[in-house]
Protein chains: 2
Amino acid sequence: MAQKPATLKDVAAFANVSRATAARALNSYGYVGDETAQRVRDAAEKLGYRGNRLAQALRNGQLPIIGCILGDIQNPFFARIAHDIEVLARGNRYNLIIGSSEEQLEQEVSLLASLQSLSIRGFIVAPTSDENNFHLRRLIEENVPLVLIDRVVQGIECDSVLVDNEGGARKAIEYLISMGHRRIGLLQDDTRIFTSRERLSGYQHALVAGGITPDDRMISVSQSTVEHAIDATIRLFSQKVPPTALFTVDSLMTQGALLAFRAMGISIPHDVSLVGFDDFNLATFTDPQITVVAQPVSEIGLAAARLLFEKLSGQSRPSEQIRFETRLLVRGSVSRRPEG
Amino acid sequence: MAQKPATLKDVAAFANVSRATAARALNSYGYVGDETAQRVRDAAEKLGYRGNRLAQALRNGQLPIIGCILGDIQNPFFARIAHDIEVLARGNRYNLIIGSSEEQLEQEVSLLASLQSLSIRGFIVAPTSDENNFHLRRLIEENVPLVLIDRVVQGIECDSVLVDNEGGARKAIEYLISMGHRRIGLLQDDTRIFTSRERLSGYQHALVAGGITPDDRMISVSQSTVEHAIDATIRLFSQKVPPTALFTVDSLMTQGALLAFRAMGISIPHDVSLVGFDDFNLATFTDPQITVVAQPVSEIGLAAARLLFEKLSGQSRPSEQIRFETRLLVRGSVSRRPEG
DNA sequence: AATATATGTGAGATCGATCTCACACGGTTT
DNA sequence: AAACCGTGTGAGATCGATCTCACATATATT
């Protein structure tokens with residue numbers, strides 16, 4: 001059967017009025033006679049008229065859709081944020097398009113271009129790189145509302161929602177130092193990623209402040225997947241003089257480290273202490289439970305969506321940077337190291 | 001500055017040709033002089049012409065976007081599926097709109113309507129209810145390509161991708177019976193959800209086949225969240241004669257059960273045995289590791305996307321039902337129960 | 001009575017890309 | 001010379017909703 005959906009023209013014809021009048025009746029603007037309006041509404045009802053958002057969007061230049069480009073929806077951190085944004089968007093009668101950049105700049109650029117040509121005006125992006133940013137810069141020049149989350153980009157004036165990565169990392173390292181550790185390992189992902197760099201910086205500053213000289217042999221880099229993190233952990237702990245404690249920069253890497261330790265027969269917290277950045281559901285199910293630096297995940301998506309909708313509703317104000325504090329959740333994965 | 005993006009008209013003017021010719025040159029159809037075509041391409045390049053997908057979509061009646069309505073992206077099961085679909089969609093130059101029904105029929109219906117009015121032709125849906133299905137039925141009547149995943153809907157002829165829920169549940173229960181358990185609890189979510197019903201049915205059949213009379217006191221129902229599952233588990237195990245083993249119908253409920261057991265001081269597998277439906281990353285991090293019925297998650301999204309793109313490319317064929325087998329992954333959460 | 005004001009309505013333009021049609025030109029065929 | 005073809009191009013219609021403008025009426029004001 002496949003009958004086409006009813007158009008405004010159909011409704012107008014059915015109600016014996018012009019398209020203009022039908023539009024007025026349905027969108028209640030301008031003058032329409034009461035009786036006419038009712039007739040139009042009845043016709044719309046009868047024909048199941050729903051309007052074509054595409055045509056509306058073409059007319060007024062924008063589509064009520066928010067583009068959301070994240071690293072990967074499978075990361076629970078991003079999944080939570082995406083979910084929160086979607087709920088808020090739904091409340092504003094927007095839909096949400098999700099794209100994964102998979103941490104590749106090229107993909108981020110092409111996704112953005114493809115969404116822009118859809119007349120989407122409103123993006124929430126977790127940018128892959130903070131150097132190569134011509135595409136974001138162009139968005140801003142074109143006045144497209146944009147909110148960056150989790151990461152910022154050098155030289156770009158733009159709303160953003162971040163957490164205090166450096167401070168969080170510092171807290172973790174200070175805590176480890178206070179527990180007597182001096183050879184503290186770092187498991188991090190690509191240094192082109194903003195969060196990773198900030199966390200590295202917190203790690204280094206805390207060490208120096210604690211009178212410890214940073215040592216490159218204590219740092220292992222890998223992609224942010226459980227599998228890569230396992231290898232990187234094994235490399236780190238196969239050294240002659242391995243770390244006595246490990247700090248991991250995100251939850252996937254924390255999981256990798258846990259698996260690596262199990263494979264190597266290294267026990268937590270007896271043989272090695274562990275602190276991870278980003279709390280995750282698994283952290284309280286292990287024995288011992290894992291001490292982590294927690295981010296206020298539930299607030300990030302909300303804040304980002306709020307900023308975006310402010311921009312979208314036409315408010316122009318100086319761009320706002322929100323930075324959330326982190327909290328160190330002490331659980332059982334760190335032990336005091338006897339001096340010496 | 002905010003200059004509008006270049007339109008075809010701009011390109012045509014710049015190249016000193018009509019819009020029709022410009023279109024022909026850029027989309028390579030019809031006759032265009034070589035030199036003219038080059039001039040148009042140069043103009044497009046110079047002006048950064050990218051085309052307006054909205055206008056294109058309005059013209060040809062469909063938008064290259066796939067609508068994906070799932071229970072909740074935060075469930076790793078759905079997150080994985082969504083991710084896989086997005087990757088395939090990207091390969092076909094489609095984007096992905098994600099909506100969460102949050103297991104509410106009303107939300108599912110309104111999301112679907114809103115996406116349909118966007119001229120989106122192509123949906124992947126995990127339907128909330130299998131009774132109330134007028135909206136899905138309408139889609140099919142209108143010949144909109146639709147693939148159901150994870151759940152089917154009564155009386156609807158439609159491509160679908162499922163797993164063998166009943167068989168999976170039966171395997172779990174048979175295994176528990178073979179380990180000597182006779183009071184086997186079931187922790188399930190809303191029976192309006194298809195998967196839940198099928199798993200319940202597998203549970204019941206396996207019991208009967210094992211010579212055990214199903215007993216309602218062994219069944220506890222709650223929403224599928226960790227928090228609700230905790231309460232439901234506590235209710236179940238506060239009875240005078242509690243189960244000796246528990247089967248949980250999804251990973252969130254498995255997590256809830258684990259937390260409840262910990263809170264109640266019940267140890268696995270000493271005091272109670274546990275088998276969960278759906279493998280999840282946490283299952284191998286606990287001590288003991290959790291025995292689960294695993295679904296081939298990585299294949300579901302792929303299969304669904306493949307079916308959808310077949311339909312989208314105009315192939316008409318009888319609708320296909322794909323049902324994947326499950327596997328029982330025996331780990332350490334079940335102990336043999338001494339007879340008696 | 002003449003003008004102003006409020007109320008309703010329709011014709012037509014617009015958004016941007018695409019497609020059909022008509023028309024041009026040079027060359028070939030009858 | 002007439003009819004025909006292959007090639008190249010532009011004018012205008014189309015998709016569906018909305019908005020501006022012009023034009024009706026009817027009522028109120030001078």
Side-chain angles (χ1 to χ4, degrees), chain A residues 2-41 43-44 47-64 93 113-121, chain B residues 2-41 43-44 47-64 93 113-121:
Chain A
Q3 77 255 21
K4 294 262 162 279
T7 69
L8 185 65
K9 203 166 121 188
D10 301 332
V11 174
F14 194 90
N16 249 316
V17 294
S18 69
R19 283 151 37 245
T21 302
R24 275 188 285 255
L26 294 175
N27 304 318
S28 32
Y29 70 94
Y31 292 109
V32 201
D34 287 351
E35 190 248 354
T36 315
Q38 191 54 50
R39 216 169 59 235
V40 172
R41 279 193 295 269
L47 300 179
Y49 174 74
R50 280 208 312 277
N52 181 331
R53 285 168 73 200
L54 222 51
Q56 294 167 337
L58 176 62
R59 187 88 221 298
N60 73 22
Q62 60 190 74
L63 196 55
R93 311 180 139 273
S114 122
L115 296 185
Q116 255 200 292
S117 67
L118 270 177
S119 306
I120 288 185
R121 301 183 53 81
Chain B
Q3 75 255 23
K4 293 263 163 277
T7 71
L8 185 65
K9 204 164 122 190
D10 300 331
V11 174
F14 195 89
N16 248 313
V17 295
S18 70
R19 280 152 40 246
T21 302
R24 275 189 285 255
L26 294 175
N27 303 318
S28 31
Y29 71 93
Y31 291 110
V32 201
D34 287 351
E35 191 248 355
T36 315
Q38 191 53 50
R39 215 167 60 234
V40 172
R41 280 193 294 269
L47 300 178
Y49 173 73
R50 279 209 313 276
N52 182 330
R53 285 168 72 199
L54 221 53
Q56 294 165 340
L58 176 61
R59 188 84 221 300
N60 74 22
Q62 60 192 77
L63 196 53
R93 311 180 136 272
S114 122
L115 296 186
Q116 254 199 292
S117 68
L118 270 179
S119 307
I120 287 186
R121 302 182 51 80

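The sequence lines fix the lettering, A, B, ..., with proteins before strands; numbering per chain opens at 1. Fair warning: this is a prediction, and the values are worked out from it, not measured in the lab.
Considering all non-hydrogen atoms of both residues, Val11(A) and Val40(A) come closest at CG1-O, 3.9 Å. Closest approach of Arg50(B) and Ala113(A) over heavy atoms only: NE-O, 4.1 Å. Shortest non-hydrogen contact noted between Phe14(B) and Ala43(B) is CD2-CB, 3.4 Å.
Arg53(A) meets the side-chain hydrogen bond (donor to acceptor under 3.5 Å, both in side chains) test with Asn95(A), Ser114(B); sequence neighbours excluded. When the side-chain hydrogen bond (donor to acceptor under 3.5 Å, both in side chains) test is applied to Thr7(B), the partners found at least two apart in sequence or on another chain are Asp10(B). In this structure, Arg59(A) has no side-chain hydrogen bond (donor to acceptor under 3.5 Å, both in side chains) partners at least two apart in sequence or on a different chain. For Arg39(B), the salt bridge (charged side-chain N to carboxylate O under 4.0 Å, His left out) partners are Glu35(B), not counting sequence neighbours. Under the side-chain hydrogen bond (donor to acceptor under 3.5 Å, both in side chains) criterion, Gln56(B) pairs with no residue, sequence neighbours left out. The side-chain contact (heavy atoms from CB on, under 4.5 Å) search around Leu63(B) returns Leu54(A), Leu118(A), Ala57(B), Ile65(B), not counting sequence neighbours.
Contact annotation: Tyr49(A) side-chain N/O to dA17(D) OP1/OP2 distance is under 4.0 Å. Look at Gln56(B) and you'll find a side-chain N or O under 4.0 angstrom from OP1 or OP2 of dT18(C).
The CG-P distance, from Leu54(A) to dT18(C), rounds to 13 Å in whole Å. Counting to the nearest Å, the P atom of dG16(C) and the CZ atom of Arg50(B) are 14 Å from each other. Straight-line distance from the CZ atom of Arg39(B) to the C1' atom of dG8(D): 12 Å, rounded to whole Å.
Within the helix from dA1(C)-dT30(D) to dT30(C)-dA1(D), the inter-axis angle between the opening and closing five-pair segments is 70°, rounded to 10°.
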Name every donor-acceptor pair, under 3.5 Å, that has one atom in a side chain of residues 21-32 of chain A and the other anywhere in the protein, sequence neighbours excluded.
from, atom 1, to, atom 2, distance (Å)
Thr21(A), OG1, Ser18(A), OG, 3.2
Asn27(A), ND2, Ala23(A), O, 3.2

Between the protein and nucleotides 24-29 of chain C, which nitrogen or oxygen pairs come in under 3.5 angstrom?
none

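Taken to the nearest 0.5 Å, the OG1 atom of Thr36(A) stands 10.0 Å off from the CZ atom of Arg41(A).
Within residues 114-121 of chain A, no residue approaches DNA chain D, by heavy-atom distance under 4.0 Å.
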What string of B, S and - do you get for nucleotides 8-15 of chain C, 5' to 3', when a contact is any protein heavy atom under 4.0 Å?
BBBBBBBB
